[in-house]
Amino acid sequence: MSIALSTSKHPKLIRVFESSTVGYSLLPRRLSTEPTALPPPSRQQNDDSIVKRAVQLLKISYREWDTTQLIHLLFSDPAPSSRVLFQIARRLPSSSHALKFLQFLQEKSPFPDTQALSSTFQAILELASREPDSRTNLYDLYKVSKEWNIPLTINSATLLLRCFGRNGLVEESVILFNELEHSSKNTHVRNVLISVLLRAGHVDHAFKVVDEMLQPEFDYRPSDVTGDIIFSGLMKRGRLGRTVELEEIVELVLKFGQFGVFPNSIGITQIIAMLCRNGKTNKACDLFLELMNLGAALKVATCNALLTGLGKDRYIDRMNEVMARMKEMDIEPNVITYGILINHLCKFRRVDEALEVFQRMNGGQEGDGVSVEPDIVIFNTLIDGLCKVGRQEEGLGLLERMKLQRDCAPNTVTYNCLIDGFCKAGETESGLELFDEMTREGAVPNAVTVNTLVDGMCRNGRINSAVKFLDEMRMKGLKGDVRAYTSLINAFCNVNNIGKAMEIFYQMLREGCSPDAMAYYNLISGLTQARRMDDATSVLSKLKEAGFHPDIVCYNHMISGFCNKNRMDKVQEMLNDMEEAGVNPDIITYNTLISYFSKTGDFKIAHRMLNKMSKDGVWPTVVTYGALIHAYCLNGHVDEAMKIFRGMDATRKVAPNTVIYNILIDSLCKNNDVELALTLMDDMKVKAVRPTTTTYNAMFKGLRDKGLLKQTFELMDRMIEQACNPDYITMEILTEWLSAVGETEKLKQFVHGQKVSASGAFVSDSLS
DNA sequence: ATAGGGTTAG
C-alpha cells in the first residue's frame, strides 16, 4: 500500500515514503522519551489506554481514519501529554504513517503545543531510522522539521547527527548543530557532534567544540563520555586529518583533568610512553605528577611506563620520586616495576642498590607492603648486572638460589650472562664448565652462547681454540652467527694476522652467513691499522654494495689510514663522500686532520681546520691541543707550543692533562730549558695533574744534562710520595749518573722507597 | 623487565 501525502508542499517526501512498507515495530524502545517525567499510576493507566485506543484507530490507512473519534480521544481536556503522543506515534506501522499522524495533530489540535510536536517528531525519526533507506529518509525528515518549524528534541538531534556522521554528511551535522537552541546543545549532543567530527577527520573543528566546553563558566561541562571520545579518537592516529602533536594531547588531558575527566588507564599509559619515546621524559614525569594531583586513578602499568622512560634517561632520582608517590597512592609495585628498577640500576653499574631492591621484594621489610616473588627475568637481570661489574662469583650464588626456587629454573639467558661474565674476567675455563652445566640442567645453548664463548676465547688469546670450538659446534648443529665471525676477524686483526682475518671473512660468506655493518667495520679497522688501504678501500665498497652505510667511526679509520700513507687525495675523497652521505666530521676526524697537517708542518692549514671545526660546532679538546703542541715541539717551536698551552687553559677553558705536560716537559728539557720544565712540574701540582713515570724520566734526563742534583733529589722524593714507580729507563738514567757523582747511597734509599733529601722546603711543601 | 661483536685522534 502506497501512501501519498496530501500536502503538495512536500513533493520529495512523496517519493521517499512510497517505498515504506515496514510494519509495526517490535524493536524495544532504547531511546528515552522526553520529557520523561513519569505520571502517577492512575494517570499512567489512563494514558496507556489512550495510547492503545489511538493506535487502534490510527494503524489503518490514514484515508480511513475516524477523525471524529480521534479528535474526541486526543483533544478532550486534559490534553494528552507529549509522552502519550510520542508513544502513539512510536507504535504506528511506519514513519510515513506517523508523519501523517503528526500532520493530523498539527492541523487539528486545538492546543498548539510545540513540545508535543517535537516529541512526536522524535518518534517519527526513530521509526525512520529503523526502516530501509533511512539515510535519505532522515535527511528529508530533517528538512520537514525545518519547514514545519518543529524544534528538534535532544534525542532527535543526536539521532540525526549520528545518521549524518555515518553517511559522510559532516557539513549537515554542523549546520544542524548550529541551528539548535542553546539549551539543546548540551554535553550529550556535543559529544555526538565531536565524535562525528573526529571520525571525519575534522580535528580542529572537534577541538573548537571541546574548547568551548572547557571554558570555566560554560553551561555544558565535558563528561567522561566526552573524554572517552576525544582520547580514544586521538589514540587512533592517522585518520585525524592532521597530525596532532603530543603536546596538544597533553594540554587537553590537563584541561579535562580540571573537570575530573581523565583518559582511561591504557590511554594515560600510552601518552606517557609516547612522551618518553620521543625524548620528553621530563614532560611525561610532570604530566604524571599533575594527573596525580588532579586525582586521576593511576595504575601500576602507567607507573611502569614512566619508570622505563626515566630509567633510559638515567633519572634515578625521579625514579625514586615516582616510587615514593606510588606508595603514597597505594599503588602496589609489581614484578615488572621491580624489574625496571633492577635493570636500570644494573645498567648504571649500581648493582648493590639493585640487590637492595631485590631484598626489598623478598619482603625484606617486616610486614611493610606485599612481597613480590622474583621471576626469572629479575634473576637474569641481576646476574648480568653482577657479571658486568666483575662480580660473576656472586652471580653463581644467585644461580644456585634459582635452582632452589620453584618455577625459576635457570635458562639459556642465565647461563649466557654467566658465561660472558667469566670469559670477560679472563676465566674461559669456567665459561666452558658453565657451558657443560647448562646442557645438564636442561638450558639449551643457542647462537648467543657460541658467540660469547668464541669471543671469550678470542679475548683471552686463544684464537685457535675459538676457531676450533666454532667448527666443532657447527658440526654438532649448534651454529654461531655473524658475531662469532666478527670476534674472530677482530682477534686476527689485533694480532696483525690480516690474512687469517680475511680468510675468516670469506669463510663466513661461504657458509651463507651474511656480514652485517659491524663485520665490515671491524675488517676495515683492521686493514687500516695494518696500513693496507687498498684492501680497506675494496672492503668499503663491498660494505656499500651490501647496502650498508659507513658510519663516522668507519670514515675516521679510512681517513686516518690515508693520512698515514700521505694520500691526501684519498682523504679528500673520503671527506667528499661523507658530505654527500650527510655524515658530519666529528672531533676525531678533526683531530686526525689537525694532527696530520701540523706534523707535516702545515700549521696554516691546521689552524684553518681549528677555525672550521668551531664554526661547525665541534669544539677542540685536550687531544686537539695535544696534537698541535706535539707538532710544534717536533718542529722545534717549543715557544709556539707554550703559547698554545697557555691559550688553551686561559681562553679556551680546556684543562691540560698529563699527556700535554709530558710533551712540553720532554721538549723543554731537550731544548735546555730545564727551569721552565720545572715550573711546569709545579704547575702540575697546582692543577692536580699527576706526573707519570714518563714525566719524571724526561725531567731526570734534563736535570742530568744540566747536572742539577738538588732538584733531582727533590723529584725523587716526590716520586716516592706519589707512589709513582720508576721503570727501567728511570733506573738507567739515575744509576749511571748518581754512581758517577758518588751518590749511590741516595739511589739505594730511592730504590727502597725512602726519601733522599733529609730537609728542604720542597718536602714540607708537598706534605702540606 | 633479561644475554652476545668495534670507538677511531695527541
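Naming convention: chains lettered A, B, ... in sequence-line order (proteins, then strands); numbering from 1 in each chain.
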By nearest atom, which of the nucleotides [options] is closest to the [X] side chain?
X: D384(A); options: dA1(B), dA3(B), dA9(B); answer: dA3(B)
X: V623(A); options: dA1(B), dA3(B), dG10(B); answer: dG10(B)
X: H557(A); options: dT8(B), dA9(B), dG5(B); answer: dT8(B)
X: K599(A); options: dG10(B), dG6(B), dA1(B); answer: dG10(B)
X: V553(A); options: dT7(B), dA9(B), dG10(B); answer: dT7(B)
X: T308(A); options: dA1(B), dG5(B), dG6(B); answer: dA1(B)
X: V448(A); options: dA3(B), dT8(B), dA1(B); answer: dA3(B)
X: N522(A); options: dA3(B), dG6(B), dG10(B); answer: dG6(B)
X: A627(A); options: dT8(B), dA3(B), dG10(B); answer: dG10(B)
X: I340(A); options: dA1(B), dA3(B), dG10(B); answer: dA1(B)

Between [X] ([atom1]) and [N] ([atom2]), how many Å, whole number?
X: I336(A); N: dT2(B); atom1: CD1; atom2: C1'; value: 12 Å
X: I559(A); N: dT8(B); atom1: CD1; atom2: P; value: 15 Å
X: N460(A); N: dG5(B); atom1: CG; atom2: C1'; value: 15 Å
X: L523(A); N: dT7(B); atom1: CG; atom2: C1'; value: 17 Å
X: Y338(A); N: dA1(B); atom1: OH; atom2: C1'; value: 14 Å
X: F548(A); N: dG6(B); atom1: CZ; atom2: P; value: 17 Å
X: Y590(A); N: dT8(B); atom1: OH; atom2: C1'; value: 16 Å
X: L310(A); N: dA1(B); atom1: CG; atom2: P; value: 13 Å

Distance criterion of 3.5 Å, no angle test: do you see the side chain of [X] paired donor-to-acceptor with the base of [N]?
X: N657(A); N: dG10(B); answer: yes
X: N380(A); N: dA1(B); answer: no
X: S487(A); N: dG5(B); answer: no

* Quickly, which of T414(A), T428(A), L432(A), L453(A) forms a side-chain contact (heavy atoms from CB on, under 4.5 Å) with I419(A)? Name it, please. => L453(A)
* To do: Please name the residue in the list T308(A), V335(A), V357(A) that meets the side-chain contact (heavy atoms from CB on, under 4.5 Å) test with I340(A).
  => T308(A)
Is the shortest side-chain N/O distance from [X] to OP1 or OP2 of [N] below 4.0 Å?
X: N490(A); N: dG6(B); answer: yes
X: K312(A); N: dA1(B); answer: no
X: K347(A); N: dA3(B); answer: yes
X: N343(A); N: dT2(B); answer: yes
X: K388(A); N: dA3(B); answer: no

* To do: Show your reasoning for whether side chain to side chain donor-acceptor pair (under 3.5 Å) applies to T692(A) and T695(A).
  => CA-CA 5 Å; T692(A) 60; T695(A) 328; 3.1 Å; yes
For [X], which contact category applies under a 4.0 Å heavy-atom criterion: base, sugar-phosphate, or nothing?
X: D375(A); answer: base
X: A631(A); answer: nothing
X: D481(A); answer: base
X: A484(A); answer: nothing
X: I489(A); answer: nothing
X: V450(A); answer: nothing
X: N494(A); answer: nothing
X: N304(A); answer: nothing
X: S525(A); answer: nothing

* Asked: Any chance the rings of Y632(A) and Y625(A) have centres within less than 6.0 Å?
  -> no
* Step through it carefully: locate the ring centre of F548(A), locate the ring centre of Y521(A), and say whether they are under 6.0 Å apart. => no
* With sequence neighbours excluded, give me every salt bridge (charged side-chain N to carboxylate O under 4.0 Å, His left out) pair touching residues 411-425 of chain A. => D420(A)-K424(A)
* To do: Would you please name every residue forming a salt bridge (charged side-chain N to carboxylate O under 4.0 Å, His left out) with D471(A), sequence neighbours left out?
  => R474(A)
* Asked: Are side-chain heavy atoms of E321(A) and L310(A) found at a separation under 4.5 Å?
  -> no
